[in-house]
Structure formats: structure tokens, C-alpha cells
Amino acid sequence: MEASVERRPAQRAAAARRSSKWKRMKQQKYLYLMILPAFACTLVFSYGPMFGLYMAFISYSPGGGSFFHQFFHSKFTGWSWFDYFFTNGDFYLIMRNTLAQSLLSLLIGFPAPIVLALMINEVSRGWFKRIVQTVSYLPHFISWVIAANIIVTMLASNGAINQLLLSLHLIDKPITFLQNGHMFWGIIAVSNTWKDMGFNAIIYLAAIASINPELYEAARVDGASRWRQTWNVTLPALRPTIVILSILAVGNVLNAGFDQQYLLQNTTVLQYSDVIDTYTYRYGLQNGMFSYGAAVGLFKSVVAFVLVMLVNAWSRRVNQQSLY
């Protein structure tokens with residue numbers, strides 16, 4: 001009897017919370033209606049196609065019948081496609097190229113927008129700051145088809161880079177950059193940094209703009225120079241943003257890209273340019289091994305998910321900051 005009496009206040013509190021939640025949802029019904037289109041698009045275009053992951057566990061080949069009949073009546077193969085990927089000899093080469101290009105791009109490309117944002121923030125002349133921002137943002141809005149043509153032209157034997165090096169007497173003969181496999185990883189890393197550095201700096205500039213000006217005033221009163229203000233005020237304020245973006249960057253470590261590798265690679269550097277995405281495209285679409293391509297893509301997604309979870313847990317424990 002006493003236990004039932006003790007439960008009644010808790011039940012009434014739970015009922016009150018549910019009533020308050022439904023009342024709040026009713027009051028905000030128009031906001032939920034505004035969310036519906038985005039929710040529907042996410043459901044249709046992000047979660048709907050996930051049923052195709054089943055292709056990684058079957059031996060699918062398109063035939064004359066309907067897609068769904070061929071898809072659901074294909075032979076179930078289990079983990080055989082994954083075993084084939086790990087044991088056919090391509091796994092080491094593909095993972096080496098993917099990790100090398102991704103980590104090198106991360107090493108060069110992650111701090112670059114932070115440095116650019118700090119430099120733009122220090123510019124006092126508004127007109128010059130706007131010019132720098134526009135010039136640095138522009139490459140992001142250029143498609144990789146155009147960007148790759150610019151890079152190929154610049155790195156050609158008679159291109160601007162070789163002409164500059166020859167005029168400075170740093171080299172005796174032109175360098176064949178895009179025919180040298182050992183240089184390909186660096187070219188991809190620098191190209192990714194050049195293309196996305198300005199656009200990624202927008203996030204850090206927005207974070208810098210939200211810093212309380214009184215912190216800078218207090219630092220100046222204490223006699224801090226511009227460098228000390230940047231080190232002791234700006235960078236600590238950017239720390240949460242840097243942590244979140246670093247977690248997302250680690251999750252994309254196997255996503256070395258497709259467009260830049262596919263457009264810049266050639267047969268002479270294929271041993272250094274072939275990454276998971278180009279490998280999946282070549283076997284999955286060009287060779288018609290759809291199930292194998294789906295298995296390789298699923299492997300990449302699972303590894304990325306695990307990396308995000310691990311780095312997020314580590315960041316939450318060490319820095320008390322995380323995605324969730």
C-alpha cells in the first residue's frame with residue numbers, strides 16, 4: 001500500500017512531463033511542419049538507399065527481369081566478397097594509397113584554414129580583407145574538372161611551375177610531376193588544401209567573430225602583444241570548433257576522394273593514385289562487379305563510423321568536448 005502511494009507522485013510527474021511535451025509540440029506545430037521536407041528528403045535520399053547494402057552479401061548481376069526480382073533472388077554469399085577484398089592482393093595497395101593521401105591531406109589541409117583565418121582576422125583594412133577572402137574562397141566553387149585542368153597545365157613540362165624553377169636555376173631540366181608516382185600523394189594533398197582552404201576558413205572566421213571583445217581589451221591592458229592575444233585568447237576560443245572538425249576529419253580518413261584522383265591519375269602513377277573510391281568505381285561499375293563494389297564501399301563506411309565513435313569518446317574523456 002505504501003509503495004503504491006510512493007509511486008503515485010512519480011507517475012503524476014511523468015504524466016505532467018508528457019502533457020507538457022505534447023503541449024509544447026502543439027504550440028510549435030508550424031516549426032515541425034517546416035522540418036518535414038528536410039526530414040522527408042533525408043529519409044528518401046539518405047536512409048532509403050541503405051537497403052542496397054544487402055548487395056554486398058549476395059552475388060548480384062543485372063539481368064533481363066526487374067531489378068527487385070534480380071536483387072532479392074540473387075545467391076546469398078555472406079562474407080565472401082569481403083574475404084576476396086582482403087585476400088586478393090589489392091587490399092594493401094589500396095589502403096596504403098588511401099591512408100597516405102588522406103593523412104597527408106589532413107596534415108597539410110587541416111591547419112591551413114586555421115592559419116588563414118587568423119591571418120585574415122589580423123588584417124585591418126576592410127577592402128584588402130574582402131579581396132583576400134574572395135580570392136581564397138573562389139577555388140572551392142570551381143569544379144574538379146576545371147581545377148584538374150589548371151593543375152595539369154601548371155605542372156606540365158612547359159608549365160608555369162617548371163618555368164619558374166628553371167628560371168631560378170633550381171633544376172636543370174623540367175620535372176614530370178604527374179608521371180612521378182612518388183610525387184602524386186603530395187600533389188593531391190596540396191591540391192585539396194588549395195581548393196578547400198578558403199572555404200573551410202569561413203567556419204573559423206565565424207568562431208573568431210563570436211569572441212567577446214572584452215577579452216582582447218583585458219589582454220591589451222595586461223600588455224599582451226598581438227601574438228600573445230592570438231595565442232591566449234583567439235586559439236583557446238577556437239578550441240571547441242577545432243575539436244569538432246578534427247573528429248569529422250578523422251571520420252573521413254578513408255574518404256581520400258574520387259574526382260581529383262580520377263582526373264589527375266594516369267597509367268604511370270596508378271600504383272600510387274588508386275584509392276578506395278576509384279577502385280570501387282573501376283570494379284563495381286566498369287567491370288560490372290556490383291556486389292564487390294558494394295562490399296568495398298560498406299567496409300569504408302563501417303571503418304569511418306568506428307573511427308568517429310572512437311575519436312569522439314577519446315575527445316570527450318580528454319578534452320570534455322565531443323560531437324554528442
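Keep in mind that the numbers below use all heavy atoms, side chains included, and drop hydrogens, waters and symmetry copies. We count residues from 1, following the sequence as given.
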| message | Tell me whether the rings of Y60 and F290 are parallel (<30°), tilted (30 to 60°) or perpendicular (>60°). | response | perpendicular
Pairs of donor and acceptor atoms involving the side chains of residues 209-221, under 3.5 Å and at least two apart or interchain, shall be tabulated with distances.
unit_1: S210; atom_1: OG; unit_2: A207; atom_2: O; d: 2.7
unit_1: N212; atom_1: OD1; unit_2: E214; atom_2: N; d: 3.1
unit_1: Y216; atom_1: OH; unit_2: T234; atom_2: OG1; d: 2.7

| message | Using every non-hydrogen atom in the two residues, find where F177 and L155 come nearest and quote the distance to one decimal. | response | CD1-O, 3.5 Å
| field | Main-chain N/O of I142 paired with K195 side-chain donor or acceptor, under 3.5 Å | value | yes
| message | Check for me, please, whether V190 and I150 land in the same ILVMFWY cluster - side-chain distances under 4.5 Å, paths through other members count. | response | no
| request: Report the C-alpha separation of M183 and L178 in whole Å, then their side-chain angles, then the decisive distance to 0.1 Å, and conclude whether the side chain to side chain contact (heavy atoms under 4.5 Å, CB included) test is met. | output: CA-CA 7 Å; M183 293 184 176; L178 293 175; over 6 Å; no
Cut-off 3.5 Å, no hydrogens considered: what does the side-chain donor-acceptor table look like for residues 95-115, sequence neighbours left out?
unit_1: R96; atom_1: NH2; unit_2: Q271; atom_2: O; d: 2.7
unit_1: N97; atom_1: ND2; unit_2: L93; atom_2: O; d: 3.3
unit_1: N97; atom_1: ND2; unit_2: Q271; atom_2: O; d: 3.0
unit_1: N97; atom_1: ND2; unit_2: D274; atom_2: O; d: 3.0
unit_1: T98; atom_1: OG1; unit_2: I94; atom_2: O; d: 2.8
unit_1: T98; atom_1: OG1; unit_2: I276; atom_2: N; d: 3.1
unit_1: Q101; atom_1: OE1; unit_2: Q261; atom_2: NE2; d: 2.6
unit_1: Q101; atom_1: NE2; unit_2: Y272; atom_2: O; d: 3.0
unit_1: S102; atom_1: OG; unit_2: T98; atom_2: O; d: 2.9
unit_1: S102; atom_1: OG; unit_2: V253; atom_2: O; d: 2.5
unit_1: S105; atom_1: OG; unit_2: Q101; atom_2: O; d: 2.8
unit_1: S105; atom_1: OG; unit_2: N192; atom_2: ND2; d: 3.2

Would you tabulate the side-chain donor-acceptor contacts of residues 164-172 under 3.5 Å, counting partners in other chains and residues two or more places apart, or write 'none'?
unit_1: S167; atom_1: OG; unit_2: Q163; atom_2: O; d: 3.2
unit_1: S167; atom_1: OG; unit_2: L164; atom_2: O; d: 2.7

| remark: Smallest heavy-atom separation, L298 atom then A56 atom, equals CD2-CB, 4.2 Å
| said: Looking at I175, is its backbone amide N or carbonyl O close enough to the side chain of N162 to form a donor-acceptor pair, meaning the two atoms are under 3.5 Å apart? | reply: yes
| task | Would you confirm whether D222, through its side chain, and A224, through its main-chain N or O, come within 3.5 Å as a donor-acceptor pair? | result | no
| request: Determine the interplanar angle of the F57 and W79 rings, folded into 0 to 90°, and report it as parallel if under 30°, tilted if 30 to 60°, perpendicular if over 60°. | output: perpendicular
| request: Check whether any side-chain N or O of T278 sits under 3.5 Å from a backbone N or O of F258 as a donor-acceptor pair, and report yes or no. | output: no
| message | Hydrogens and angles aside, do Y292 and Y279 bring a side-chain donor and acceptor to less than 3.5 Å of each other? | response | yes
| Take atom OH in Y47; do more than 12 heavy atoms of anything else shown fall under 6.0 Å from it? | no
| task | Check F86, F82, F305 against F299 for a ring pair (Phe, Tyr, Trp, His ring centres under 6.0 Å) and give me the one that passes. | result | F86
| field | Atom pair CD1/CG of I188 and L264 - distance to nearest 0.5 Å | value | 5.0 Å
| side chain to side chain contact (heavy atoms under 4.5 Å, CB included) between V132 and M119, intermediate numbers included | CA-CA 10 Å; V132 173; M119 293 173 63; over 6 Å; no
| query | Between G198 and L116, what is the shortest heavy-atom contact and its length? | reply | CA-CD2, 3.8 Å
| Hey, is the main chain of K75 close enough, under 3.5 Å, to the side chain of S59 for a donor-acceptor pair? | no
| task | Evaluate whether atom CZ of F51 has more than 12 neighbouring non-hydrogen atoms of other residues, nucleotides or ligands under 6.0 angstrom away. | result | yes
| remark: To the nearest 0.5 Å, atom CG of L118 lies from atom CD of E122 at 7.5 Å
| query | Any sub-3.5 Å donor-acceptor pair from N266's side-chain atoms to T268's backbone N or O? | reply | yes
| query | Taking atom CZ of F85 as the centre, does the number of heavy atoms from other residues, nucleotides or ligands within less than 6.0 Å exceed 12? | reply | yes
| Is it true that atom CZ of F39 has more than 12 heavy atoms of other residues, nucleotides or ligands lying nearer than 6.0 Å? | no
| field | Enclosure of K173 NZ (heavy-atom neighbours >12, cutoff 6.0 Å) | value | no
| request: Determine, step by step, whether Q28 and Y32 satisfy the side chain to side chain contact (heavy atoms under 4.5 Å, CB included) criterion, reporting the C-alpha distance in whole Å, the side-chain angles of both residues, the deciding distance to 0.1 Å, and the verdict. | output: CA-CA 7 Å; Q28 300 174 350; Y32 287 101; 4.0 Å; yes
| query | Is it the case that one hydrophobic cluster holds both F72 and L53, taking links as side-chain heavy atoms less than 4.5 Å apart, direct or via other members? | reply | yes
| request: State yes or no: do L138 and I203 share one hydrophobic cluster built from I, L, V, M, F, W and Y residues joined by side-chain heavy-atom distances below 4.5 Å, directly or via other members? | output: no
| request: May I have the step-by-step check of side chain to side chain contact (heavy atoms under 4.5 Å, CB included) for W185 and S273, ending in yes or no? | output: CA-CA 7 Å; W185 296 345; S273 65; over 6 Å; no
